[in-house]
Structure formats: structure tokens, C-alpha cells
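Quick caveat, the model's predicted, so the values are computed rather than measured. Numbering starts at 1 and runs along the sequence shown. Note: hydrogens, waters and symmetry copies are ignored here, and every other heavy atom, side chains too, is used.
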Amino acid sequence: MDILFVIDRLELKYFEFNNLVTNFWLIRELMYAGKKVCITTIDNLSLKSGCAYSRCFEVFEKDGNIFYDKISCVKRINDFELVMFRPDPPVDMDYINATYIFDFVDREKTLILNDPKAIRDFNEKLHTVKFLDLMPENIVTCSKSDILEFLNKHDEIVLKPLNGCFGSGVMTLKKGDKNTAVIINTMTKNQTQLIMVQKYIEKARYGDKRVMFLGDEVLDVCIQKLPSNNDFKFNEHCDSNIVKAELTQSEKEKFAIVAKELNKLGLSMVGLDVIDEKIIEINVTSPCYFIKETNYHHGVQLEKKITEFILSTLVKKLRQCQSV
């Protein structure tokens, strides 16, 4: 069974086992399960006569660490039974073009998680609005007057670029701030770029929960990401900023609906960012499962559960294909 991971360029540049990176936990665990794993990046994808290819590198494990063979090989993507499509945002045109390559991959031969077309069709900020009753009041606009009206109504708001990641470019704005016009013009590029604007949630000062999905399942374990570096949001992945959290019964019931809906769309591996039972973002590109921290705080081996889900999904798909 050959598996291809499409990872971020930075992960390839510094490729070794890094216990903060979800991909590396999964790659190592799949290799422990006896699977052959190769890695690639979006700039190594190509089309030749309508057939999708990748220049890729074979991974090997040694003493608990993972490395890759620097001599690359070119393979048809359909030669892999499974592709884990997990490059990091921003979802720019290079990212979008990479998803187009996978439009030429035969899904009867190769399972892809998460489905690149589904990722392309689902903006992590904007499409949160599909679950409007589960998120803070919001607007999506580039209009200064719309944002000012929203600010006057709520006194404090959060402004987010639609295609960033890890809190990049996200700002808060309070009513009466002397820099209001400058902040709005900067965020919207002088009213030419759409942004997400949300009502500020007071409990944001305590951070946000990462709620994790595998298919239809909402995982019982979760962590809380604390604001860092005197910022209002989490932006530094270190032990002191990640603490144990629990899901309420109400959250489990609400978010189970979200998990089922996203799984139907081809988004089976998802992470929600949640404050006070409100979804502020839905991570579908390369969601971090915070495996190191979850294992420590909850006494589990989350990488095994995720790997079991991945392989069982593949077996189910293969059986369906064989029965047709």
C-alpha cells in the first residue's frame, strides 16, 4: 500500500520528526503500520497529457525519527492508493492550481483526504457561515460603511483576511479607536478585498478550543489554545500556551451536526476553533490535531486513532470499488 503526503514546503525543508507537526506523527505511525510513504509539495505536482504526476521522495524511519531519500522519483498520483492532501495555507493561486491537478486523479483508484475540490470549495472563514446559528454574529464585506455600522452596533469586533492561517493578519477593533479608518482600509485594501468581520467574544481572552473531527465523529479529547505574546489570539505553538480542555455535552451535540455535514462534502479531517460554544473558524486545509499536547493532557495515543481512521476509510473505499 503506497501513500503520498502532500506537505508544506517548509516541512520538507526541515524534514525530520517534529512532535508539533501533525503530518510527521501520521507519517511515522503509518510506517509503523508497515505502509510505504512518499512525500511531495505542491510545486512538485504536474500534468502530462492529462495525467497527474508528482515528483516525490520516499520516507524512511530510523530510531523513532523520519527522514527522506533525497533522490526523487516521478510517479503517477494514481499509483498511490491514498493521498493525504495537507499543504498549509494561505490558499493562494498556487494552492488553488494544485487542487486543479487532483481533478485529473481517478477517485476510483485513489482516495484523497481531505478532498482537494472540497477544500477549494470551502473557505475556512467565509463558509463557517453555513453554520450561522453556531457562530458569533458576522458579516463578510469590503465596505467601510458596513464595517463601521457593525462596529457601532457591537463596540468591539474582529477583522479577518479570508485566506490566511495561524492568526495571520487578524485584528481587533474597538469603537472610538483613532486608527479605525486606517485599520479598515488596510484590512480591505481600500475597500477592494473581502474580509470576515465578527463580533468580539469576551471569553476570547481565555483562548479558543480546538475541537477535532474524524469523519462523523467528534473526538472526546480537545485542548485550549491560549493567547500568546500579549496578543489577543493564539499565535505561538508552545507548551505554555496549550492546556487541557473538555467538551461539554452541548458542544458534542451541536458539533456532531457540523461533522456530518462536512464529511458529506469530502472534508473528513477537520478542526474547529471554538470560543464559548461558538465556531470562529473551520480548519479544513491541514488541520492541526495537536497530537503531542492531546496525548500528554488526556493520556491517549491520538496518532493511532487517526491512523486507524485513515486506513479504515481506505479499506471501506476499496471494498466499495470492488463491489461495483
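Cluster membership check: Ile201 does not share its hydrophobic cluster with Met171, using side-chain heavy-atom separations under 4.5 Å among Ile, Leu, Val, Met, Phe, Trp and Tyr. Neither Ile147 nor Met196 shares a network with the other; the hydrophobic side chains, linked directly or stepwise wherever heavy atoms of I, L, V, M, F, W or Y lie under 4.5 Å apart, form separate groups for each. The hydrophobic cluster containing Val197 also contains Leu173, counting ILVMFWY residues as joined when their side-chain heavy atoms lie under 4.5 angstrom apart, directly or transitively. Residues Val59 and Phe57 are members of one and the same hydrophobic cluster, defined by side-chain heavy-atom contacts under 4.5 angstrom among Ile, Leu, Val, Met, Phe, Trp and Tyr. Under a hydrophobic clustering in which Ile, Leu, Val, Met, Phe, Trp and Tyr are joined whenever their side-chain heavy atoms come within less than 4.5 Å, directly or via other members, Leu126 and Phe122 fall into different clusters.
Distance check, rounded to the nearest 0.5 Å: CG of Leu162 to NZ of Lys160 gives 10.5 Å. To the nearest 0.5 Å, atom CD1 of residue Ile184 and atom CG of residue Asp177 are 10.0 Å apart. Taken from CE in Met269 to OG1 in Thr285, the straight-line distance is 12.0 Å, to the nearest 0.5 Å. With rounding to the nearest 0.5 angstrom, the OG1 atom of Thr99 is 9.5 Å from the CD1 atom of Ile42.
A heavy-atom distance below 4.5 Å is not found between the side chains of Ile3 and Lys36. Between Val37 and Phe80, the closest side-chain pair of non-hydrogen atoms is not below 4.5 Å. Inter-residue side-chain proximity for Thr172 and Ile157 is flagged as unmet; no heavy-atom pair is nearer than 4.5 Å. By the 4.5 Å heavy-atom criterion applied to side chains, Val129 and Leu132 are counted as neighbours. The shortest distance between side-chain heavy atoms of Met212 and Leu302 falls below 4.5 Å.
In plain terms, the two heavy atoms of Lys203 and Ile275 that are nearest each other are C-CG2, 3.8 Å.
In this structure, Phe102 has its ring center under 6.0 Å from that of Phe85. A ring-centre distance under 6.0 Å is found for Phe15 and Phe24.
For the pair Glu81 (side chain) and Leu314 (backbone), a donor-acceptor distance under 3.5 Å is absent. Remark: side-chain polar atoms of Gln198 are not paired, donor with acceptor, to backbone N or O of Leu159 under 3.5 angstrom. Glu293 contributes no side-chain N or O that, together with a main-chain N or O of Ile242, makes up a donor-acceptor pair within less than 3.5 Å. A donor-acceptor distance shorter than 3.5 angstrom exists from the side chain of Arg86 to the backbone of Pro287, with no hydrogens or angles considered.
Using a 4.0 Å cut-off between charged side-chain N and carboxylate O, Arg76 and Asp79 make a salt bridge. Taking the charged nitrogens against the carboxylate oxygens, Lys252 and Asp220 do have a contact shorter than 4.0 Å, which makes a salt bridge. Under 4.0 Å is where a charged nitrogen must lie from a carboxylate oxygen, and between Asp103 and Lys117 no such pair does. Under the 4.0 Å criterion applied to side-chain N and carboxylate O atoms, Lys225 and Asp208 are assigned as salt-bridge partners. By the 4.0 Å N-to-carboxylate-O rule, Lys125 lies close enough to Glu281 to be salt-bridged with it. Under 4.0 Å is where a charged nitrogen must lie from a carboxylate oxygen, and between Lys254 and Glu277 at least one such pair does. Contact check on Arg210 versus Asp273 returns a salt bridge, with a Lys/Arg side-chain nitrogen under 4.0 Å from an Asp/Glu carboxylate oxygen.
None of Asp2, Leu111, Ile112, Thr40 except one satisfies the side chain to side chain contact (heavy atoms under 4.5 Å, CB included) rule with Val83; the exception is Ile112. Only one option out of Lys278, Lys153, Lys199 pairs with Glu137 in a salt bridge (Lys or Arg N to Asp or Glu O under 4.0 Å); it is Lys153. Only one option out of Ile7, Ile39, Asp8 pairs with Asn23 in a side chain to side chain contact (heavy atoms under 4.5 Å, CB included); it is Ile7. Each of Glu261, Lys260, Lys264 was checked for a side chain to side chain contact (heavy atoms under 4.5 Å, CB included) with Asp216, and the lone residue meeting it is Lys260.
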task: Step by step, work out the side chain to side chain contact (heavy atoms under 4.5 Å, CB included) result for Ile66 and Phe60.
output: CA-CA 6 Å; Ile66 53 175; Phe60 61 94; over 6 Å; no
task: Just do the side chain to side chain donor-acceptor pair (under 3.5 Å) check on Thr192 and Asn190 with the steps written out, would you?
output: CA-CA 6 Å; Thr192 64; Asn190 294 315; over 6 Å; no
- prompt: Could you walk me through whether Glu251 and Lys209 pass the salt bridge (charged side-chain N to carboxylate O under 4.0 Å, His left out) check?
  reply: CA-CA 11 Å; Glu251 286 173 326; Lys209 285 182 183 179; 2.8 Å; yes
Quick one: side chains of residues 304-312, donor-acceptor pairs under 3.5 Å with protein atoms, not counting sequence neighbours, listed by atom name and distance.
{"from": "Lys304", "atom 1": "NZ", "to": "Glu29", "atom 2": "OE2", "distance (Å)": "3.0"}
{"from": "Lys305", "atom 1": "NZ", "to": "Glu217", "atom 2": "OE2", "distance (Å)": "3.3"}
{"from": "Thr307", "atom 1": "OG1", "to": "Glu303", "atom 2": "O", "distance (Å)": "2.8"}
{"from": "Ser312", "atom 1": "OG", "to": "Glu308", "atom 2": "O", "distance (Å)": "3.0"}
{"from": "Ser312", "atom 1": "OG", "to": "Phe309", "atom 2": "O", "distance (Å)": "2.9"}

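Stacking of Lys292 on the aromatic ring of Phe290 is not recorded, the 6.0 Å distance cut-off and the 45° axial limit not both being met.
A donor atom on one side chain and an acceptor atom on the other are not found under 3.5 Å apart for Ser54 and Asn44. In this model, no donor atom of one side chain and acceptor atom of the other lie less than 3.5 Å apart for Arg9 and Thr41.
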